[in-house]
Structures are given as structure tokens and as C-alpha cells.
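So you know, we letter chains A, B, ... as the sequences are listed, proteins then strands, and number each from 1.
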Amino acid sequence: MEELKWKYELSTKKDKSIKSFFMQWEWLLVVILILIITFNSSISGNFFTVNTFLTAPMSFMDKAFMVLPMTFILLLGMIDISVGSIVALSAVMMGLAFQSGAPMWLAIVTSLFTGVICGFLNGLLNTKFSELPPMILTFATQTIFRGFSYVLLENNSISGFPTWYTNLGWGSVAGIPIIMLVFIVVAILFTAVLHKTVFGREIYAIGFNKRTSIISGVKVNRNIIIVFTLMGLMAAVTSLFLTSRMSSVRADIGMGYELEVIAMVVLGGVNTSGGIGRILGPIISVFIIGFLRYGLGIANVSSQTITLIIGVLLIVSVLVTRIKIKNKKI
Amino acid sequence: MSENILKKNRYKNLTKNMNVKEIGLLVFMIIAMIYIQMKNPQFLTGTNITDLLKNTSLLGMLSVGMMLVMLTGGIDLSIGAVLALSGMSAARFVSIYPDLPVVFSLLLGMMIGIVTGLILGLLVSKGRINPTIASLGMMNVHRGLTYVVGNNAWISAHQMTPAFKSLSTGSLFGLNNLILFSITTFAIFYYFLQYAKTGRNIYAVGSNYEATSITGIATNRTIVTAYVLNGLIAGLAGVLWVSKYASAQGDTGVGYEMSVIAACVLGGVSVRGGVGKISSLILGVLMLGILNNALPLLNISTFWEDFITGFIILVAILLNLYIQKRQKKDALKRRAI
Amino acid sequence: MEDYVLQLEGVSKIFPGVKALDNVNFKLKAGEIHALMGENGAGKSTFIKVMTGVHQPEEGKIYLDGKEVSFKNTNDSKKAGIAAIYQHSTSYPDLSVTENIFLGHEYTAGKINYLNWKKMNSEANQLLEKIGANFDARRIMGELSVAQQQIVEIAKALSQNARIIIMDEPTASLTINESEELYKIAEDLRDQGKSIIFISHRFEDMYRLASKVSVLRDSKYIGTWDVDKISNHDLIVAMVGREINTLFPKKELVIGDTVLKVNNLSRTGYFKNINFEVKAGEIVALTGLVGAGRTEIVETIYGLEKHDEGSIELMGETFIPKSPSHALENGIGLLSENRHEGGLITELEIYKSITLTNLRKMTNRFWINSQEEFEVAKTFGERVNVKANSIFDKVSNLSGGNQQKVVLAKILTSFLRVIILDEPTKGVDVGAKAAMYEIMGELAEKGYGVILVSSEMPEVLGMSDRIIVIKEGKVSAELNTKNTSQEEILQYAMSES
Amino acid sequence: MKKTLYFLAATAVLLAGCTNSGSEGETGSTDDVKSFGFVYKNTGNPFGEKLMEGFINSIEEQGYTAITKAPDSPTAEQQINMIQELVAQGVDGIAISANDPDALQPALNAARDQGIQIISIDSAVNTESRNTHIQQADPVGIGRVLAESALDMADGAGEIAILSATSTATNQNTWIEEMQNVMDSDEKYADLKIVKIAYGDDLRDKSTSETEALLQSYPDLKVIVAPSTVALAAAAKVVTDKGIGDNVKVTGLGLPSEMAEYIESDVTPYMYLWNPIDMGYLAGYTLAEMADGNISGELGDTFDAGDLGTKEVTEAMDGGTEVLLGEPFKFDAENIDQWKDIF
């Protein structure tokens, strides 16, 4: 009887010497980023200038907004391949609102609202019909959202937005592009939400084990809907910056964005099966792929070669994480 | 003993119910066909049906390969790029060596398909990379290679030999070669999946991955086999594609993987693995083929096409799910408590 | 020497950093049922994997019929006539029964070796009939009950002409009468001259079936005894390595008011007109056969599924559970039947697992207050006595019993009135079982109403105040624990037809 | 850690691998020699490749350096990024074939602010984004030859259909519109009826099923007019395969290489196009003349365009200015052999 009464004590001190594996992965990404910048500078004299670091991000930051919620979705163990179409539909709705005489701010709200509705719809489908894989459901909505954009705008384009709107995508404050500033704010928010709030913790829990999360009282469906809605919202934000940069709206914009965004998230060390990864990695990946494209472009490397290189980079990086995880397990 | 018979009978009812899925799709298709026929009487004519089958045959072949991959629980987004790579290579080959028998270009396309399938299969099985990501990466690689092989140019009809072009235009027993190719593919893989050990092992791997090592199935080899066969079919289809349209472009088949996956999903192939039949798959492929054929015939504005296609896919998969749920509920009600 | 079909001498299996089997000896006669016992992590699973060729031992020798053998893979052991039936189902849910039986050693015909389904189907049906199963071999595996799946696994072993059959906890998910069926099959096999290694946590299994018992502890071989010559107490000591005096610390408590009352609760296809109540400080056992609807009843009370008719009263007020979170908010907690699918996220650290349910209470407005979270985790982790170094240890590194304690700690972070424990000791070793019973007793003492869902008669009789017997979705009896017996419970639980 | 090193090494090798491909055109940074950029719609398009070839010829002929780029899919988004890259590379002028007439305006204006000359070619950008446009042929002229060939091949009367590229393709839409204008304004087209405008999205499979649907729905169809290479070749292929080349003719605008087969077999008795090499060549001269300060792209400017002789800046239909290459060129069985291997 005495033996049963022993008590174990649980330490609450973190063992600082064990560096988490994922931290290492992010350091690796930073090293790759530096490597790419050094390399780009070496092959093109035009690369290593202040201008590059200020204007180049303009060219690739728009997708970065979608990388943040897509990280959440992959952490949930789900996927959303309809985001490119949401970009198009929110842009089209914005354009139509503007065309019908609404003030620009209202048009912007329309776009954001459209994104939210699309995202919410995706979330609703994925919770109501959770038997079906998200890949299939969002594949269907992808076609529907894109199709609806065509139905609405046909082959027309809408342009003539006010200058201040165009400036969103092209302007700078104190030398730093506006798009970059907005991204920094949004990224900090998403990071804080994922790593410092209950909501973020629950995303990991759902990603690892959905049923356990439900039984533990986590409002799984609500969280999934929120995440997909955020995804829609950020797709709308992307559409705003994209249309601002293009100062024109068409039904065919944002084609293929979903795969680029997913590739960035995966390169950032987020596992597609859910639960594994942090948000910093995908953020660094945005810059890795962005600077790689920009730098190679400046060096006159053909775009299909760049695509090929990014494909190989994606596979090699995932292969390396896998090998490391495998070693870790034994 | 009588109880035994009773139970077996009950089971027979159950199998009948399981086909409800297919019957549902069939009914859906028939209704759609009647509607189309009413709108445009040219729909159910010999020529149009031949056109429809010809245009759907490559989709059919590709979806068989995709089904093999999906049965293992995988997916292949690179299939469109493989199509382009093998087609471009074969066309280039034909234009450089017009005197060699056409079989060589077919073999070349299949070889390329096998190699791409092997790489992807190894990445997925040995490399343990998620198939979506692995095939996404390979899609980029193959697409890039296609431009390299094609030297940024197209290969046009006049650069191809008549024998090469007749691969897809010729016919046997009154049936167009393409249709024959796809029927043969369906037949071979029906046999393969039903009566060959490797075929059954593909189902087993997708049904319970963990158990395969205990059962003594060479898991990785089975997965690689599925991807290689998929690559082989895609490589073959690539050559036929180029032969059919008598032109090879760098951007051949961009996004075609989505049509192929849609056909599989409509045909009841589970993305989770282990579930899928050739018979249902044929229905799914035909459904998509009818859709592609009928939209222009119905004189529907081109701007509505995507929307309608997406909507029908969504309705079909939700209907499928509803039928399954309904069946389960009925079964529960029948349970005597 | 010649008597033994199988003999292991000094077998060791070493994984990087761990010795999973340490100098293990084992002898098996033809026509013998030999129980292999030991706590979780004692090395039983590795033992099976070495026997079936999944792993290759680093040291030691294996003799089959007196001849030394070495299995390089599962096919080698199959050919030698060894088959294993695993604890976690290794079946293929999407494939037919026939296919599950013959996968890996199919019958083929013709020059091109096509699969001969006709022959396989008829042979599969013959095999099933031989062991008294009454379902068709063409059925899809996933549609069968757990017990039927076990029978398929046995048929599979027979189809491979196995002489030595290893059964790894085959009764873990079975009810009493299903177990009884399995026992009969096992005895039939024994009488046909097959040898069976029977691995189980249940003493009833061993006493009922085996003639010999061998014990493993901490990867080491402890000893082999004749079953009728070793006492329960000595066996526990052998397995645990220390004395455990009272397994069931049931105390007499003052029973309080009714906390939960279920009136005519029904769910189509699962259960009908269920009535019972639980009082504060009371442990009510829900027992019956697996599949009788017990888990479905408690999951409905917990809000995981919706009921069609009837009502639930909580503290005298009507309560319609909308979701688990709603149930938790109202004071109902559930320890799920399968901790891997419903209790734990093994990839997470201990503290994250414990605080998952009530993390919202440990925040400053938006942000998680880590210090508070750590404190809560420590408090509750220590309260259930989780054996670990720190709250930052991964749950996956804990033993089954300790994992179960983490689940319990998580549930206790909520303010509860009713705790539902669904098979809390399933797959848990003897030491951890005792600890679970201890905690269960404490919970009742603190005034919780406890619902214990269990198929294990000793714990039902040892821990509960009242017993509700469920049969085919209906309450067949409500018994006072003091005035009943195992036989009476079984009588009410078993089907009359 | 070892794996990490492997990965870094792999990345380094990968990057090193593209140094070779990257170094060939690396001249943009030199300040003393002027450089000019060309952005086409998408990569791997033979028409675009020939445009770029002509452009490079003329720029190098003048002793300058040329940089050509094309995105791997025909989107305006990627073209914006390429314009930004060219600005960073310090070019003196950019010629662009736009995927969207309006979407490039902010990017091009930002480039102009850096003193970079902008012209569009093939697919125009809006007038505010460009100095001038290189016009392959007068759209009215294109509309007229399309209408005339349809009339000719239909023997003066009957049903014709149009199979275009994507529904959003500006050039094709303009030409179709001009063709309809021509047909509406002249009595001789009274018996010629356009039954449908179909879109094949520049995809082979879709163009094929659209063609088949046209043939199926309009059995009396006499001519299919396709103002895009993919659509034209796909339509001709369908007609060839069905063996109805005697009843249904296919014509339009297409590449000689793609169409040689069908011109020789008389499914397409003749068709029109312009010489992309000359177009690119003209763009090179126009751009260089502007960068040298000789012309500004104003109406009435004249300049010497190398082998093409003297060219004049004229008024364009959209209100801006343009430099016209010439009349559309007719490809028929007589001359197709000389052209099919060129572009």
C-alpha cells in the first residue's frame, strides 16, 4: 500500500539546451535566403542595391498575405485550392461595385466581404461534409468561384481606380513599400494568434487529432470555419493589392496562386498532414521564393528555368525534413 | 442453417445497395442526356457520339492511371506536365527521325512516362513526401523540361510523319484507334486490379498502409508500381495527344490534371485510398466527357461553362455523400432494437 | 527437446538506445495454449515481431522442431507455420473477407497466374464455417464487428496452415460471450494439435485457456509456470515486480443527491428507452456486451451524438447536450474508450494536453498566460500522479497507464459534476490499473457522480455501487452491486435468442 | 546537421547550375552601351520567339544589347514583375506585348518616370502607358481580309462561324468586331451569315470540341474563320480528320509552320499573317530611335527602320499613335513552302 502512495513531481522548467527541430529548420531557411541573396548579387550587378530590397518585395508580397492563413489551414491538416479563384471573385466584385458608382472605400469593403463569404462557404462545406476531403470540396468551389467571376464580368475589364488606390501597391512610406508595412502588421497578428492564443493552440490540436479535440471540448467546426473565413479575407486582401498594382480587374487574375502559396507554406516546414510547423518558416519562404524569382529574373534566367528550380527546391527541402523526422523518431 | 441463409440473403441486399452509388450517377447521366438531346437533337447522333468518345478517350486512359495512384492514397498533379513532356519528346523524335517506325516514338513516350512515374513513386514511397507536394514539385520540373526539349518552339503537323498522325486517326474494326486504346486500357486494368496480385496489393496499401508490412506486401514496391503505371499511361497518352492534335506545344495539357482528378472523383474513387472500381470510373469519365461535349452544343455562353462544370461536380459529390448517409440511416432503422 | 515445436534461447533484440528483448527464453509444446503475460512495455510486442520475422534478433537462437531457424521477413515465418493475430487490427477494411484471408498467399490459376476468386471464396467460406462463423466471405471487412474481424484473422492464420498461432490480446475489444466463442475456437485448434501463444492482460483468459504461463518484465524473461500451480498474487508480483495489496480500493461513501438522470433516452439504431440516474459520490457501472450500445449512450450524454427521443436531466434541470464543449461547460466529462482516437494528442507535450480543454481560463484577455498554464498543468498532473520528469515531456513517451492519467488530468481541469469513464483500464497494465481505481475512488469521495463503462467483471464488481446492464440497446437490468454476482450480470447481458 | 549541410550543398549546386543559363544575357548593367528589354505574353510561343528574334537582330545590328523575357503563363501579374526587373536592370527602353491593356499601366508609368521609353507591340497597352504601338496590320484591313476570304470560300453565300482564342483576348475581339463591321457595311456580304462565335481558349482539346460542336449544330456550315493559331490549326485538323475538307473550309490568322499541312491539303486554301521577325525588327528600331532622342512617338514622326526602310508614326484606332508594319500577308499553296520552316 505504501508503494502506491509515492508522488511524482513534475518540473515546470523548460530544458533550454534542447533546441527544437523546427527552430533549426527556420535557421536553415534563413541561411538559404542569405545564400540566394549572395548568389544573386554575384551573378548580377543590379541585384545588391537598396532599390532591390525596397521594390522587389512589391512584386511578390501580394501572395504573402495568403501564406499566413494557408499555414493555419495546412496545420489543421486541410488544404484550400480555391484561393486563386477567391482572389478573382473578390476583385471582380470590387470592380463591379466601383463601376456602379460606389465610392472606392465601399468597393474595397465589398471585396473584403466577398472574400469573407467565399471563405465562410468553404469552411461551412468542409465542416458540414467533413467526410469529403477538403481537396475535393475546394476543388469544386475553385471552379465555381472562378466560373462566377466569368459570369459576372465576362470578357470585360474594369479600370480607372483613384490614384490613392493605385498607390497602395506602388507607394512607399519612408522608403518602405506600403504593401510591406501592411504585411508586417498582418504577419505579426497572425503569428501572435497562432503561437500565443488559445485559438492557435487549438489549431495545432485539431491538426494532430480532430476527434480528441472535439472530445476535449474544442469547438472544432467553429475554428475550421474561422480559419477558412480568414483565408477568404486574406485572399481578398491579396486581390486588393493585386488590383492596385494592376489598376485593372479581370476575371482571370490570380490563376494558379493556390499552388504557389501552398508551395511556400510547405517550403516553410509545415507538414501537410497537420499539426507540424510554425508560421515563421512560411514567412521566410515568401522571401526565399520572391528573391529567387526576382534575382534570377534580373539575371535573365528564363521563367521556365526558374519554375524548374523552384520545383526542385521544394522537393529537396521536403525530402530533407522527412529524412530528419525519420531519424528523430528512432 | 436457415439463419445462415437468411444472413446471406441480407448480405445480397447489401451489395445491391452498394451499387446505388453507380446507379445514382447513371440516372443523373441519363437525365442529363435526355435534357441535352431535347435541347439539341444533334447530340445523340453517330458522329457526335464518336466525337465524344474520341475526345474522352485520353481522359479515360489518364484517369485509369490516376485511379491507381489514388487507390494507394496518393495523387498526381504532374500528370498534365508528363503528358506535355512525353508528347513533346515524341514529336521532336519523329521530326528528327521521320524514317524510323512509329513504334519508337510510342516507346519513347512510355519510357519517359515510366521514368517520371518512377521518380515520383520513389519520392512518395521511399522519400515519404506527401504526394500533393511531390507531384507539385515534379509538375514544375517536367514543365520546365518540356520547354527545354522543345527548344521553346512548337512541333507542327508538317513536321510529323503520316504514320505518327495516323496513330490517333486510324481505326480497327471500324473503331477509332484512340477509343481502342482507351478500351484496351480499361480492360487491361480491370483485369489487373481484379485478378492480379499486384493489383490487389495496390488496394491493400491504400486500405491499410500500416498492415502491409505485416502481411508481407512490399509496400514501397507496390506504391512505386502504381506511380510507374500511371506514368506509363500518361506517357502513352502524351504521344497520342500530340498525334491527335498534330501539334506539340510547351503548354500542352496545362491544368489537365484537374480534369482527370475530377473524372476520378465523379467515378467514386476515394482520395483517401483503397476504394475505386473501373466500372464506376468509366461512368465518371463519361459524365465529364458528356459535359465537355454538350456545353458547346447547348449554346451556353462560354462565360457560364466553368460555373456549370464546378456546380455539377459539387452536386455530384454531395449527392453521392447523401446517398451513402441515407443508406447508413436506413440500415440503422432496419436494426431491430 | 523434441517435445517442443518452438524454443527460444537467450534471444535479445536491441534498438538504438533500448534493449527491447533481453535474453528471453521460451518453450512451446505442440497442442498447448501458452499464456504470455507482462505489463505494457514488458517486451511482448517485440517478442511477437521477432517470432514473425518483422524484427531480427541480435542475439540468441530460435529452434523450430529442434532445428535452428532464422526469419528474415514475415514470409519466412509464414512458411514455417507461424501466424500472428495482432492487437490492433491489421485487416484491410475496404477489401472483402476472402481477400483479407488470402492476401499474400492467393490462389492463382492459368498460365498468367490470375487470381482464382471462385476457389478462394469457397475455401474462405469453408474456413469460416469450420470455426463456426456465420457470415459470408464476400462481405467487406470494414462492415464486420470487431469480434467477426478477429475470427477472420484466425481464419487467415488457418489458411496459411499455421501450426503456431500467436494471439495478441484478442479479447481486449471483445465482450464476455464473444470471448467465450473465441475460447472455444482456441480450444478446438489446440485439440487439432496447433500451438497457441496467448497474450493477454486478463487473468480470466489465462485461467480459462492456458496450461502454461510465461512472464516478461522490463524486456527480461521472468519465468514459466503451470497455470494451476501459480496463485494470482504471485503472478501479479512476477509481472509488476512488487506487491500490490488491494486492487479495488472501494470505500463506503455517503451518497448524495441525483446529479444526472436519463429518461427514455433513444437514438435510432443504437439504443432505446434508456433510464438511469447517478448520484453524487456514486459509481454506476454500465456493463454489457461490446456493441450493446453503452459507448453510444455515454457519447450521447456527452453531446457527441444527438438523441432522437427522451431527455437528460442535470441537477434537476433539463439538459440538451449540443456538443462536448457544451457538456463540459455544464459539468459532464468523458474519458473516451480509445485514448488514441478520443483522449490524447500524443504528439503534444504533457502540459498542452492537460490544459487543452480549459486553456481559455488561463489567458490575459487574448494571450495565453504561460506561467498560469504551467502551474495548472503541474497541479493536475501531480494530482493524478503522472510519472514523468517535466510537463514538457511528450505524451507519446509515456506508458499507456500514464497516458490515461494525463487524459484524466485534462478532464479534471473542468468543474465537473459527472465523470464518465469509458473502459478506463483497457490496455493498461496492472500497476496503472490499480492507480486508476485509486483515482476513481477519490473522485467518488470528492462527490463526483461517476459512470463507469466497462466489460471487465472484476472491476465492475469491485468498484461500482450500482450496475446497469445493457443488452441490445436496452436496459435489461439494474442491479445493486452488493447483491449480485458475475453469473447474474452475464445472464442479463447475454442474448436469450 | 549532416543532412543540413547536404541540403545547403544541394542548394548551392542548384544555384550554380543556373549561372550558365543566366550569364548569356548578362549585360544589362553596363552603362555605356544602351540596352533594351522585350516582354512577350508567354514563353514557348513560336510567334513570340520570332518577335524576340527580330527584336534582338535589330537591337544588336545597332550595336546595343537586348534583353528578352516572357512569363511561363500568359498573365499580366508576371509581366508587371518583369517590367520591374527590367527597370532594375537599367534598360533604356521596353517593348511589351501585353496580356492586359490596362493592367500594366502603373508598372509602365513607373518605368517611364525613370526615363525609360515604352512601346507596345502585337497586343497594345492603353494609350496612357505607351509612347507608340507597333501595329502588325491595320485592324480594319485584317477584318476586311477575314471577311473577304470567308466570302470567297463560301462562294458568296452561306453560314460561317468564328472560332476565336479566349473570350478575353483583346486583339481577336477587335479583329472579329472589324470583320463584322465590314460585313455589315457592304451589300456583297448580305448572304453570308455568322452563326456563332465560339471560343476555344487557345487550348487544343477545347478548340477541337468547339469545332465539332459547330459542325454538329450547323450541318450547312461552309467556312470556319479562326483568328488565332491554335484555334485555326485545331479546326483544320478536325475538318481534315472528318474528311469534309471539300465542304467546309477553314481560314483565318495562323502560323505557316502550324498550317502548312492544311494549306497543302487545301482544307485551308489560304490564310493571313504578318511576319513576326519583321515586327520585332521594327520594334527594335522604333525603340532605339526614341531612346536616342530622334523621335518621341508623336504623330508624324518619321524614322529609318533599317531593312524595312522609312517608317512613319500614324494615328491608331484607340486614339494613340502607332507604327504600321504593313498589310497582312497571304499564305497559300504557292508560297507556304518558303515560310513553313521560318516561323
Side-chain angles (χ1 to χ4, degrees), chain A residues 74 79 81-82 85 125 128-137 139-155 251 255-256 259-260 262-263 265-267 271-273 302-323 325-326, chain B residues 75 77-78 81 119-120 122-123 126-148 150 152 250-251 254-255 258 261-262 264-266 269-272 301-318 320-322 324-325:
Chain A
L74 260 67
I79 205 160
I81 57 171
S82 73
S85 302
L125 282 173
K128 286 278 169 211
F129 307 105
S130 54
E131 296 90 343
L132 294 169
M135 175 105 177
I136 297 305
L137 283 171
F139 168 55
T141 55
Q142 175 194 44
T143 325
I144 291 174
F145 294 154
R146 175 74 63 188
F148 199 50
S149 313
Y150 277 117
V151 169
L152 288 175
L153 203 54
E154 303 203 333
N155 57 1
M255 206 83 98
L259 295 183
E260 282 185 60
I262 292 166
V265 178
V266 171
L267 181 62
N271 192 319
T272 39
S273 60
S302 70
S303 51
Q304 63 265 31
T305 313
I306 298 175
T307 309
L308 195 150
I309 289 168
I310 289 171
V312 174
L313 185 73
L314 181 66
I315 285 176
V316 173
S317 72
V318 182
L319 208 53
V320 170
T321 26
R322 279 307 142 98
I323 293 165
I325 287 173
K326 239 163 120 186
Chain B
I75 203 156
L77 298 179
S78 72
I119 295 170
L120 186 56
L122 287 174
L123 286 174
K126 293 255 179 201
R128 311 278 284 128
I129 301 182
N130 176 300
T132 311
I133 301 305
S135 59
L136 179 61
M138 291 317 284
M139 174 173 94
N140 283 359
V141 173
H142 297 331
R143 193 57 75 181
L145 286 176
T146 307
Y147 287 112
V148 173
N152 268 346
D251 55 358
V254 166
M258 285 305 174
I261 294 169
C264 287
V265 170
L266 282 175
V269 183
S270 162
V271 195
R272 301 218 163 90
S301 154
T302 173
F303 306 109
W304 279 89
E305 284 177 8
D306 270 5
F307 185 74
I308 292 170
T309 312
F311 194 73
I312 287 179
I313 291 173
L314 187 65
V315 167
I317 52 179
L318 292 187
N320 203 337
L321 185 72
Y322 173 77
Q324 278 174 325
K325 276 188 175 173

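- In terms of non-hydrogen atom pairs under 4.5 Å with chain A, the most contact-rich of B/Leu321, B/Ile312, B/Val265 is B/Leu321.
- If you measure heavy-atom distances from A/Val266 to chain B, the contacts under 4.5 Å come from the side chain alone.
- For a residue to count as touching a neighbouring chain, one of its non-hydrogen atoms must lie under 4.5 Å from one of that chain's; by this rule A/Leu153 does not touch chain B.
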Donor-acceptor pairs under 3.5 angstrom involving side-chain atoms of residues 301-309 of chain B: please list them, not counting sequence neighbours.
residue, atom, partner, partner atom, Å
B/Ser301, OG, B/Phe303, N, 3.1
B/Glu305, OE1, D/Lys206, NZ, 3.0
B/Thr309, OG1, B/Glu305, O, 2.7

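- Among A/Leu137, A/Leu132, A/Thr143, the residue with the largest count of heavy-atom pairs under 4.5 Å with chain B is A/Thr143.
- For B/Met139, the part lying near chain A is the side chain, with the backbone staying farther off; criterion is any non-hydrogen pair under 4.5 Å.
- For B/Ile75, the part lying under 4.5 angstrom from a heavy atom of chain A is the side chain only.
- Heavy atoms closer than 4.5 Å to chain A are found in both the backbone and the side chain of B/Ile133.
- Contact annotation for A/Ile144: both backbone and side-chain heavy atoms come within less than 4.5 Å of a heavy atom of chain B.
- Every residue two or more places apart in sequence or in another chain that forms a side-chain hydrogen bond (donor to acceptor under 3.5 Å, both in side chains) with A/Thr141 is listed here: A/Asn122.
- In this structure, chain B has a heavy atom under 4.5 Å from the side chain of A/Phe139, while its backbone stays farther away.
- Ranked by heavy-atom pairs shorter than 4.5 Å toward chain A, the options B/Gly137, B/Ser270, B/Gly144 are led by B/Gly137.
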